[in-house]
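Reckoned from all heavy atoms, side chains included, excluding hydrogens, waters and symmetry mates. Throughout, a chain's letter reflects where its sequence line sits, starting with A, and its residues are numbered from 1.
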Amino acid sequence: MTSFGSAISEQPLVQIKGLTKQYVQRRPFTREKFTVRALDNVNLTVGKGTTLGLLGESGAGKSTLVRCLALLEAPSSGEIWFDGVNVLTLKKKGVSGLRRQIQIIFQDASSALNPRLTAGEIIAEPLVIQREGTKEQRRQRTLGLMEQVGLPANAERKLPLDFSGGQRQRLAIARALALEPRLLIFDEALSHLDLANQEIILELLALLQKTHALTYIHVSHDLRMLSGMTDEIAVMYESKVVEHKSTPEIFAHPEHAYTRDLLEAMPALETICRERLA
Amino acid sequence: MKRRYKLWCALALLAAFHLFVLFAGFFAPYSYSAQDRDLPYAPPIGIHFFDARGEFRVRPLVYALQDDAHAPGAYKVDKAHPYPLHFFVRGSDYKVAGLFHSSIHFFGVEAPGRIFLMGTDGYGRDQLTRFLYGGQVSLAAGLIAAGLSVILGIFVGALAGFYGGWIDEILMRGGELFLALPWLYLLFAVRAALPLHIAQWQVFLLLLAVCGIIGWARPARLIRGAVLSAKERNFVVAARTFGASDFYLLRRHVLPQTYGIILTQIALLIPQFILAEVTLTFLGLGVGEPMASWGGLLSSLQHYYVLASYWWMFVPALLLIPVFVAYYTIADELQEHLKSVPL
Amino acid sequence: MRYLIRRLAHALLLLLAISVFSFALLQWTPGNFFDAMRLDPRVSAQTVEGLRSQFGMNQPYILRYMRWAHSVIKGNMGYSFSYDAPVAPLLWVRTRNTLLLTGTATLLAWLLAIPIGVWSAASKGRLADRLCGMGVSALLAIPDLLLFLFLLLLAVRTGWFPPGGMLSAGFGRLDFWSRVKDIAIHFALPTAGLALTMLPVLVRHIRSALIETLESPFIRAARGHGIPRMRLLFRYALPAASNPLISLLGLSIAMMLSGSALVEVIMSWPGLGPLMVQAILARDIYVVAGIVIFSSVFLIAGNLLGDVLLFVSDPRIRVE
């Protein structure tokens, strides 16, 4: 696997080795147990400052993978290394410190924002939880973040339902930036937006990546969108990572059957990509 | 908010009831134990704005009652002795909210006139007075028992829903146990186990405690459901990624989602527990004399002759209806409101 | 099948818990038989101790509990001090009377609630539904106490019905049909009252269950096929809505022994209710414990029956 990131990195930011996650469920009435395997011996690396696309259909394990990475779920076995630290062996204090560095932006911004809180409160919440700064300092930071993502300053007191879908995602991004993370994970975050909004936000993200030296992981099933913004793409199929190449390589030489099927389903895509990346 | 006039009407009605009951000493013309042995089972005395000569009077009057010589036990209005109605009169002493003394009553008539707006019972006690004082016991019973049930329910439901696993299993199984028990008979059983001669207020508190302990199961289940679904909402997950503690998540994000359910449950449980207290006291198993309770007021109706001849003894039961309607209306309106709140 | 076994195990667990509760009640109620004896100066302390060990009163609680549970299962539920008779036969007679009342009332309530609920759901939002809704709310708001007192008043004032009781004087001299008529006329009012108190909750649940079903796609499809309204309601919608209703039925049955206490006392119907009240006032603790056990067993059995009915009627449960 070669890394074509904009910055040549010595040590990858994220290293996932042999990650497996399975859980036991019960059938509704008979209560029989059966095992569901969400992740099967997954290996993955992400370089610093790069953008990785995580591609796969529903149920392939993408969300489970990022949830494990963000310490929202515990894997059944395997290792996760973040910037040289073995994440799974961390104690409470270490976990708290790590949380600041990895943030997730969810697919549905409306569900990710508490409808009863104002925009200002939402963005400041991470600072409140981590007990940073005085009230005034937090407010200043909130306003700064809002400016960075392109939200008007008077939006501070508004409720989420006063915003459009694209603005809500920007709100979520502002919130995620509050603790100055190093890794942002977008879990199908742009799927619900119309193309115009997608473009705007993608531009914003590209800008933020440069200014804040961020690493991104984009989870999506939309190959077209991923093609425009990722350095590498990892394809997940049935709980495994079946292919991980740089983006142009994926389009030029897809190996796995699933990847090939995807590319074939959008023939015009190949020509677009060939033109774009040639 | 303006559209919900039903809700505001119900709340206003309840506020009025509670106000009158809280200041029973002031609004009632007599003390709750004052007996008038000369006038047992007297019918309600009317207020007249026109005197015997047919003239209109701004200050209405009340006539005395005399024994009817032709019908033993019945009364005749004696127009020869009118008593004008006065407001803010001096009467028997009472304590306001148990704190300071007063003897001003809202209305009354000079002795030996009597004003029995709801008639009297077998001991000649003014029913209106006893209704107001009795309300203190019955309404308080409903509020306290419902409050206890809901607080326990919140505690159990939040724990079970938030932590899941074996905590959830045990707590919910326990809840099913409580729901499976015939609560009225359980209440009876506990009452039976208590010595018959302990102080009335102790009986009261114990019964409330039992009601509270029996009643937590349904609110707990509903709150657990709300906590379960709130827990998975992405804003809770997001807060977790910022390093929030469980307590913070519960306090800030999860429990506020349950406020609607909590209020609705309270509105449903209060009338239930009021009725439980009234029923128990009616059967002679609850709060006894001399503490008045609405159940006690109605218990004499178990005798046929009272039931058949003295219709005014029914009135406390009729007055229960608006209270219940008000609480059920509040519960209905809350449920409507909950359905329409955007997710 | 696993489902049934689970529910059965659950019911047995509940039963165990109830028995422990009743046992505890019996043990720790102040003023039991032997305390009174001990106070009696004519009886020596040794005699009391001897009697106590004879009855097994000085053994550890577990053993006492097992002995007691054993005798209860065999049918011996203790002794009533006020009736001076064993408790079990007393309870059976009263239970029979109560069941007569509640069984009929439950049947009546369901027979009325289903058409009213279905009709209300079918005409949702229109005048018929709103009238039903108001009627139900009114009925719900009237405290049971008031309703029963009112019915009693009706009986006393009009003389059409006897004012309470189950049998008239001279019952023994009547022939069979007159006996039936006598009982019937005594239980008309209590049954009617009880049915009225059960009605609002049933109608509400039936209505909401049916409304949910009526809005589902398959009903709309059936309507599109031109299936006549009556058939649609009763042969398509109602069976589909039956899950919550069967649970409700289980609950109705479960409440049959405990729901009638008040009406029995007010209308002097000789069922478990008045017996319970008297027993408490007379501190006849074995009767109290016996009634708690009886009504709990009934309640648990009723819920279990509901689970079984659900299993039988819903193929989804069987297949899983």
Side-chain angles (χ1 to χ4, degrees), chain A residues 26 31 63 66-67 69-73 92-117 121-132 159-162 168-169 171-173 175-181 183-185 187-189, chain B residues 1 154 158 160-173 176 221 223-264 334 336-343:
Chain A
R26 291 175 184 270
R31 314 278 281 184
S63 282
V66 299
R67 285 176 73 103
L69 182 53
L71 299 174
L72 289 171
E73 280 180 30
K92 226 179 170 178
K93 200 156 177 245
V95 167
S96 181
L98 191 71
R99 285 214 185 279
R100 309 173 58 121
Q101 304 191 45
I102 307 178
Q103 289 295 315
I104 299 192
I105 313 281
F106 295 94
Q107 180 177 31
D108 183 10
S110 335
S111 72
L113 308 172
N114 189 334
R116 296 161 190 251
L117 299 179
E121 285 171 339
I122 290 176
I123 297 179
E125 191 183 9
L127 301 169
V128 169
I129 292 176
Q130 292 280 349
R131 302 213 181 106
E132 272 195 21
L159 295 176
L161 59 88
D162 295 328
R168 282 187 215 140
Q169 276 298 26
L171 194 53
I173 294 173
R175 175 176 68 180
L177 291 173
L179 293 177
E180 294 174 357
L183 174 65
L184 279 185
I185 304 176
D187 195 351
E188 311 241 18
Chain B
M1 266 299 164
I154 293 177
F162 199 75
Y163 290 108
W166 59 270
I167 298 184
D168 187 13
E169 281 283 317
I170 292 184
L171 287 174
M172 284 301 115
R173 288 265 176 270
E176 277 187 47
R221 183 180 294 187
I223 290 176
R224 169 187 175 271
V227 165
L228 267 180
S229 62
K231 186 175 72 154
E232 297 305 321
R233 301 280 291 276
N234 282 337
F235 57 80
V236 174
V237 178
R240 210 190 276 270
T241 66
F242 307 140
S245 67
D246 286 346
F247 182 67
Y248 176 88
L249 288 175
L250 271 172
R251 179 179 62 88
R252 188 86 159 113
H253 291 292
V254 173
L255 284 180
Q257 304 285 95
T258 62
Y259 289 162
I261 293 186
I262 292 177
L263 284 176
T264 314
L334 280 174
E336 279 295 311
H337 180 67
L338 275 183
K339 280 192 212 144
S340 61
V341 163
L343 286 169

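The nearest pair of heavy atoms linking B/Pro256 to A/Arg116 is O-NH2, 3.4 Å. The heavy-atom pair separating B/Phe242 from A/Gln130 by the smallest distance is O-NE2, 2.8 Å. Taking each heavy atom of A/Glu125 and B/Ala239 in turn, the nearest pair found is OE2-CB, 3.8 Å.
Put simply, CD1 on A/Ile129 and OG1 on B/Thr241 are 8.0 Å apart, with the number rounded to the nearest 0.5 Å. The distance from atom CG of A/Asn114 to atom CD of B/Gln257, rounded to the nearest 0.5 Å, is 6.0 Å. In this structure, the separation between NE2 on B/His253 and CG on A/Leu117 is 6.0 Å, given to the nearest 0.5 Å.
When heavy atoms are compared at a cutoff of 4.5 Å, B/Val236 does not approach chain A at all. Of the atoms belonging to A/Leu72, it is side-chain heavy atoms, and not backbone ones, that fall under 4.5 Å from chain B.
Of the residues considered (A/Arg100, A/Gln103, A/Arg67), A/Gln103 shows the highest number of contacts with chain B, using heavy-atom pairs under 4.5 Å.
At a threshold of 4.5 Å between non-hydrogen side-chain atoms, the residues B/Asn234 and A/Gln107 do not count as touching.
The one candidate from A/Pro115, A/Ser111, A/Pro160 that meets the side chain to side chain contact (heavy atoms under 4.5 Å, CB included) condition with B/Phe235 is A/Pro115.
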